[in-house]
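FYI, side chains are in, hydrogens and waters are out, and symmetry mates aren't considered; it's all heavy atoms of this structure. Lettering of chains follows the sequences in order, A, B, ..., and the numbering in each one begins at 1.
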There are 2 protein chains.
Amino acid sequence: MATIHDVASACGVSISTVSRAISRPDLVNAATRERVLAAVAELDYQPSTAARSLMSGRSMTLALLVPDITNPFFFDLVRGTQAQAAAAGYSQILIDTNESVELEHQHIATAAKGADGLVLGASRLGDDALREAARSVPLTAVNRSTPGVTSVVIDTPSGMIQAVHHLASLGHRDVAYLSGPRSSWSNGRRWRAVQLGARQAGLSVRRLGPFPPTRAAGAAAADAAVHAGVTAVMAFNDLIALGVLQRLFARGVAVPDDMSVVGCDDTFGADFCHPPLTTITASIEQVGRLATDMLLEQLRSVAPPPRVHTVPAVLTIRGSTGPVPARRRPRH
Amino acid sequence: MATIHDVASACGVSISTVSRAISRPDLVNAATRERVLAAVAELDYQPSTAARSLMSGRSMTLALLVPDITNPFFFDLVRGTQAQAAAAGYSQILIDTNESVELEHQHIATAAKGADGLVLGASRLGDDALREAARSVPLTAVNRSTPGVTSVVIDTPSGMIQAVHHLASLGHRDVAYLSGPRSSWSNGRRWRAVQLGARQAGLSVRRLGPFPPTRAAGAAAADAAVHAGVTAVMAFNDLIALGVLQRLFARGVAVPDDMSVVGCDDTFGADFCHPPLTTITASIEQVGRLATDMLLEQLRSVAPPPRVHTVPAVLTIRGSTGPVPARRRPRH
DNA sequence: ATGAAAGCGCTAACAT
DNA sequence: ATGTTAGCGCTTTCAT
């Protein structure tokens with residue numbers, strides 16, 4: 001690998017001239033510049049990022065931490081952050097914290113030294129830990145908000161309230177919320193939204209779970225819902241809802257004829273599963289873009305005060321919700 | 001941010017002692033070591049990765065390049081490479097080359113300086129360019145093989161041959177292959193496999209396309225297939241197949257009653273779309289793990305000669321394939 | 001316009 | 001067992 005010295009000696013100038021010819025071309029004589037640039041091309045010289053980082057203190061790298069790359073929600077997020085990072089000349093490193101608070105903690109510490117800033121997807125950290133982290137490194141949190149921390153949150157709750165009303169208007173009186181992970185901030189918000197909507201619409205909700213936010217867990221969730229005797233379920237996310245659909249089908253419970261199912265996030269698959277999922281839609285990729293933008297902003301010399309940006313979410317009605325069954329089916 | 005000097009002066013030793021206390025504890029007096037480690041904890045000292053990289057010449061970072069992060073095939077790959085990289089203490093940076101040969105070229109060059117090695121997912125590079133790249137930086141290619149380049153390839157072709165026989169056994173005589181991108185090496189292999197299978201099974205295949213490997217393109221592909229009057233299609237990948245399913249449904253063509261559909265890769269969604277997709281299954285995550293392993297191996301002092309590892313793939317029959325229609329439906 | 005030299009934070013000889 | 005020193009490759013004063 002060619003170094004700046006190779007280039008310098010190749011065209012008989014000093015290393016500072018080479019450096020300047022590259023980073024501030026206007027400061028060097030046109031003729032010399034040509035010569036240097038030619039040598040650079042000739043030797044295929046690439047300035048060492050390590051050396052640059054050492055000098056500048058910046059790595060031109062951003063890190064994205066997610067609890068589980070397996071979850072399509074995060075695919076969409078990755079897409080958005082990656083695109084925006086790339087556009088700004090940053091690389092993005094991807095870290096899976098495996099739904100673990102400790103791992104997240106640890107990775108924040110280590111990632112912080114490798115990256116110039118972090119995007120925390122659905123952080124499982126507590127308020128104090130999150131604020132603390134935000135103090136030690138530029139970061140923006142996605143779907144995890146607390147005062148003093150820059151974040152972008154999706155207004156899923158208002159979508160869920162709409163969903164409850166939708167269910168009510170179909171005649172449902174008994175619905176279950178299939179809870180996500182306890183450590184998920186979104187889960188708390190969503191459950192509160194469901195409760196609020198239920199109060200407004202005058203129907204009864206109960207919370208089942210918590211369940212891991214996976215398709216596999218949807219089977220258990222479906223069984224719990226059938227056992228509870230509700231006519232509709234609202235799942236913490238689409239993954240659980242997908243699992244529910246599958247399990248209900250296996251048990252011979254028809255959707256939406258015997259049971260209505262509402263997902264959340266409208267991630268990949270929600271529109272082509274069977275039946276297609278009524279769910280809460282937001283542009284997650286857009287959220288990723290925004291989060292990266294807000295992070296990049298903090299990296300500029302004058303960092304803005306922490307802000308929280310809210311992205312709208314709406315109810316998308318598809319085939320998995322329908323009128324309440326005329327007569328309740330036997331509970332298997 | 002604390003430096004090694006801060007730690008050193010904090011406990012009245014030289015920086016080398018600090019360095020040693022951290023990287024080779026056995027070389028320093030137990031008592032001093034304690035003191036140093038205490039100071040490290042106290043000051044929350046984190047050795048600078050940039051400085052370390054500069055010294056060692058290694059960044060402890062791997063890069064994964066994919067043509068399109070949007071594609072679920074690559075989600076699975078990301079999972080695998082990420083897991084294995086993390087296990088080996090490496091970070092992984094993710095790069096989207098956007099289906100562009102030029103972008104891939106360029107990113108290989110730039111990524112090469114930031115990362116210690118690359119995993120190229122479904123590289124769109126030509127043979128020469130790929131070999132050239134492999135000469136300049138440690139890399140392993142996934143589903144893109146050429147002599148002299150370490151790679152892991154999925155034995156999708158044998159799965160596709162099985163699929164053709166499956167179709168033949170259902171009575172199909174006319175099938176179409178819905179071609180993927182021209183620059184995709186896999187596409188060529190898959191098409192050849194389909195032709196071979198067709199010859200063996202004595203049925204006729206034609207190639208339609210090429211189509212971009214996206215759900216959206218599946219609509220065009222479906223129309224082309226209907227127009228061609230075939231009774232079964234085999235798509236380059238599940239994404240196209242999913243799009244076909246959707247379009248066929250919209251046009252009132254029943255699957256599998258009027259048309260059988262075979263996908264490829266068994267990516268997220270293939271098992272819960274409607275009807276579930278008959279497809280070619282391989283553990284893509286496993287492929288990612290393997291690719292990273294093989295890359296890591298090249299990074300060790302004595303790099304092994306280029307090898308190509310083949311991962312098996314099998315036909316998974318689901319609901320999207322069935323007997324050939326008794327009488328052909330009118331072609332819309 | 002160009003060169004010399006200092007130094008970013010660290011590790012690895014080489015002294016002591 | 002510990003300290004001193006010389007770089008790793010680069011940018012950036014400061015001279016010239």
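Rounding to whole angstrom units, CG of residue B:Leu43 and P of C:dG9 are separated by 14 Å. A straight line from NE2 of A:His5 to P of C:dG3 spans 13 Å, rounded to a whole angstrom. Computed from coordinates, the A:Met1 CE to D:dG9 P distance equals 10 Å when rounded to whole Å. Regarding B:Ile4, its CD1 atom lies at a distance of 16 Å from the C1' atom of C:dG7, rounded to whole Å. Remark: P of C:dC8 and NZ of A:Lys113 are 20 Å apart, rounded to the nearest angstrom. In this structure, B:Ile15 places its CD1 atom 9 Å from C1' of D:dT4, rounding to the nearest Å.
Under a 3.5 Å cut-off, the side chain of A:Arg20 and the backbone N or O of A:Val28 do not form any donor-acceptor pair. Remark: side-chain polar atoms of A:Asp116 are paired, donor with acceptor, to backbone N or O of A:Met60 under 3.5 angstrom.
Residue A:Arg124 forms a side chain to side chain contact (heavy atoms under 4.5 Å, CB included) with just one option from A:Thr97, A:Leu65, A:Val101, and that option is A:Val101.
With no hydrogens or angles considered, no side-chain donor-acceptor pair links B:Ser100 and B:Asn98 at under 3.5 Å. Side-chain contact check for A:Gln298 and A:Thr140: no donor-acceptor pair (N or O, by modelled atom type) lies under 3.5 Å.
For A:Arg24, a side-chain nitrogen or oxygen approaches OP1 or OP2 of D:dT12 to under 4.0 Å. Regarding contacts with the backbone of D:dG9, every side-chain N or O of A:Thr3 stays at 4.0 angstrom or more from both OP1 and OP2.
Residue contacts for B:Ser16: at a heavy-atom cut-off of 4.0 Å it reaches a base atom on one of the strands shown. Among the protein residues, A:Ser19 comes within range of the nucleic acid bases, having at least one heavy atom under 4.0 Å from a base atom.
The distance from atom CG of A:Leu125 to atom CZ of A:Arg131, rounded to the nearest 0.5 Å, is 11.0 Å. A:Arg35 CZ to A:Thr17 OG1: the interatomic distance, rounded to the nearest 0.5 Å, is 9.0 Å.
No side-chain heavy atom of A:Thr61 sits under 4.5 Å from any side-chain heavy atom of B:Ile93. Contact of the A:Phe74 side chain with the A:Ile69 side chain is not registered, since no non-hydrogen atoms from C-beta on lie closer than 4.5 Å. Residues A:Phe75 and A:Phe268 have side chains not in contact (no heavy-atom distance under 4.5 Å, counting atoms from C-beta outward).
For DNA chain C, the residues of residues 44-60 of chain A within the heavy-atom distance limit of 4.0 Å (strictly under) are A:Leu54, A:Met55, sorted by number. Heavy-atom distances under 4.0 Å link DNA chain D to B:Leu27, B:Val28, B:Asn29, B:Thr32 of residues 25-37 of chain B, given in residue order.
Atom CD of B:Glu42 has 12 or fewer heavy atoms from other residues, nucleotides or ligands within 6.0 Å.
The overall bend of the helix from C:dA1-D:dT16 to C:dT16-D:dA1, read as the angle between its terminal helix axes built from five base pairs each, is 40° when rounded to 10 degrees.
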